Amino acid sequence: MANLTCPLCTSQETGHFHRDRQREYHRCAQCRLVFVDSSQHLSTDAEKAVYDLHQNRNDDPGYLNFLSRLALPLAGLLPPGSEGLDYGCGPGPALAGLLEGYGHRIALYDPIYANRRELLQQQYDFVACTEVIEHFREPGAEFARLFGLIRPGGWLGIMTKLVIGADAFSRWHYKNDPTHIAFFSRSTLLWLAERYDCAIEFIGSDVIILQRNPHRRSR
């Protein structure tokens with residue numbers, strides 16, 4: 001059987017990583033992405049049905065505290081009055097509310113809940129993706145779009161759980177969500193940083209901030 005093409009870097013140096021009762025997981029030898037083949041992705045309707053079960057309320061202190069793990073360090077890097085995009089915002093603008101509280105403006109885009117594609121025709125000082133990139137069906141195309149949305153010197157803030165190793169992955173609850181189909185490690189994110197000329201900082205266990213073309217800014 002031919003190796004699968006990596007959906008992030010398009011390498012065919014991929015192989016078996018793990019199998020459970022639901023799916024098989026593959027890993028790319030080049031960018032180290034762990035991914036589920038498209039033949040095992042949910043349909044769009046089935047994916048939305050899972051999201052609709054989430055109960056992330058904008059006034060839930062626990063949820064706001066969770067989002068603040070990205071919002072606080074990201075806001076601390078941004079010039080006053082920065083303009084951003086919450087990419088994959090879901091049905092509620094909780095992150096936007098936090099960032100607006102720090103004095104920034106943020107637009108909302110989500111392919112299911114806020115499919116305002118005109119927002120993808122401009123650039124921003126920052127883009128935020130909280131618990132989003134693990135849902136990417138075509139992560140290579142998605143990251144090309146994301147970095148194209150960010151002005152030189154701008155920021156991409158990400159929240160996602162990171163792959164540690166095969167043994168930990170076998171026991172990892174994060175892989176059990178059927179909408180999670182792309183799993184990133186530090187190595188994968190370092191590959192992305194090099195690919196897109198970014199500085200990168202890892203904050204805690206699940207927050208990553210990249211600065212695009214860190215030596216250039218355009219205003």
Side-chain angles (χ1 to χ4, degrees), residues 1-44 46-56 62-63 65-67 69-70 73 87-88 90 111-112 128-144 146-147 156-196 198 200-210:
M1 180 178 176
N3 289 358
L4 297 173
T5 300
C6 174
L8 177 58
C9 71
T10 71
S11 170
Q12 291 194 324
E13 294 182 58
T14 62
H16 169 78
F17 184 65
H18 179 72
R19 181 184 292 109
D20 59 25
R21 288 179 293 180
Q22 305 300 322
R23 306 182 292 186
E24 183 168 0
Y25 306 83
H26 309 267
R27 182 167 62 180
C28 177
Q30 177 169 293
C31 69
R32 310 302 286 176
L33 182 76
V34 175
F35 63 96
V36 175
D37 182 54
S38 60
S39 64
Q40 295 185 306
H41 292 179
L42 296 180
S43 68
T44 302
E47 185 179 9
K48 182 179 183 299
V50 175
Y51 298 151
D52 288 343
L53 296 175
H54 295 176
Q55 298 183 5
N56 298 326
Y63 183 51
N65 185 61
F66 169 75
L67 294 176
R69 301 213 309 270
L70 172 63
Y87 189 93
I112 293 176
C129 293
T130 56
E131 293 289 312
V132 171
I133 67 172
E134 63 274 10
H135 303 281
F136 283 168
R137 294 173 183 261
E138 298 179 343
E142 292 282 5
F143 276 105
L146 285 173
F147 286 111
L156 173 62
I158 294 170
M159 287 188 74
T160 192
K161 304 296 185 188
L162 299 182
V163 175
I164 297 173
D167 184 59
F169 190 90
S170 70
R171 303 186 303 273
W172 199 25
H173 74 281
Y174 204 63
K175 75 178 187 314
N176 299 333
D177 184 326
T179 68
H180 291 179
I181 53 179
F183 304 91
F184 297 75
S185 64
R186 287 178 68 98
S187 296
T188 312
L189 290 156
L190 288 168
W191 180 90
L192 276 168
E194 182 176 3
R195 169 72 176 80
Y196 287 100
C198 293
I200 185 169
E201 181 179 5
F202 295 89
I203 301 172
S205 62
D206 61 353
V207 173
I208 307 96
I209 297 179
L210 300 101

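As the structure is a computational prediction, the values presented were derived from the model and not from experiment. Both backbone and side-chain heavy atoms feed into the values below; hydrogens, waters and symmetry mates do not.
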How many angstroms lie between atom CG of N176 and atom CZ of R171, to the nearest 0.5 angstrom? 12.5 Å
Looking at I164, I want to see if its CD1 is surrounded by more than 12 non-hydrogen atoms of other residues, nucleotides or ligands under 6.0 Å. no
Looking at side-chain heavy atoms only, is the closest gap between I208 and T160 below 4.5 Å? yes
Do the rings of Y196 and F147 sit parallel, tilted or perpendicular, given the 30° and 60° boundaries? parallel
Determine whether a donor-acceptor pair (N or O, by modelled atom type, separation under 3.5 Å) exists between the side chain of T14 and the backbone of L4. yes
Take a 6.0 Å sphere around CD of Q40 and say whether it holds more than 12 heavy atoms from other residues, nucleotides or ligands. yes
For H26 and F17 the tightest heavy-atom approach is C-CB, 4.0 Å
CG on L192 to CG on L146, rounded to 0.5 Å: 10.0 Å
Checking side chain to side chain contact (heavy atoms under 4.5 Å, CB included) for the pair V36/Y25: CA distance, chi angles, key distance, verdict? CA-CA 5 Å; V36 175; Y25 306 83; 3.7 Å; yes
Identify the two heavy atoms, one from Q12 and one from T5, that lie closest to each other, and give their separation to 0.1 Å. NE2-OG1, 3.2 Å
Nearest 0.5 Å, please: how far is CD1 in I112 from CD in E47? 5.0 Å
From CA spacing to verdict: side chain to side chain contact (heavy atoms under 4.5 Å, CB included), E13, N3: CA-CA 7 Å; E13 294 182 58; N3 289 358; 5.6 Å; no
Output the distance between atom CE (M159) and atom CD1 (I209), rounded to the nearest 0.5 Å. 10.5 Å
For E24, I'd like to know if atom CD has over 12 heavy atoms of other residues, nucleotides or ligands within 6.0 Å. yes
Which heavy atom of P178 sits nearest a heavy atom of V50, and at what distance? CG-CG2, 4.3 Å
Student check: side-chain heavy atoms of L190 and F202 closer than 4.5 Å: yes
Less than 4.5 Å apart, side chain to side chain, heavy atoms only: is that true for C28 and L8? no
Between CG on residue D177 and CD on residue Q22, distance to nearest 0.5 Å: 11.5 Å
If I compare all heavy atoms of L33 with all of A182, which pair ends up nearest, and what's the gap? CD1-CB, 4.3 Å
Kindly assign one of parallel, tilted or perpendicular to the pair H180 and F183, based on the angle between their ring planes and the thresholds 30° and 60°. perpendicular
Sidechain-backbone polar pair: T188 side chain, C31 backbone, donor-acceptor under 3.5 Å: yes
Examine distances only and state if a side-chain atom of R32 and a backbone atom of W191 form a donor-acceptor pair shorter than 3.5 Å. no
K161 side chain to D206 main-chain N or O, any donor-acceptor pair under 3.5 Å? no
Taking all non-hydrogen atoms of both residues, which atom of I133 and which atom of C129 are closest, and how far apart? CG2-CB, 4.3 Å
Under a 4.5 Å cut-off applied to non-hydrogen side-chain atoms, are V163 and W172 in contact? yes
Check: L162 and S205 side chains under 4.5 Å, non-hydrogen atoms: no
At their closest point, which heavy atom of Y51 faces which heavy atom of H135, and how far apart are they? OH-ND1, 3.0 Å
Could you tell me whether a side-chain N or O of H18 sits under 3.5 Å from a main-chain N or O of A166, the two making a donor and an acceptor? no
Heavy atoms, side chains only, cut-off 4.5 Å: are F143 and R195 in contact? no
Indicate yes or no: at least one non-hydrogen side-chain atom of R27 is less than 4.5 angstrom from one of F169. no
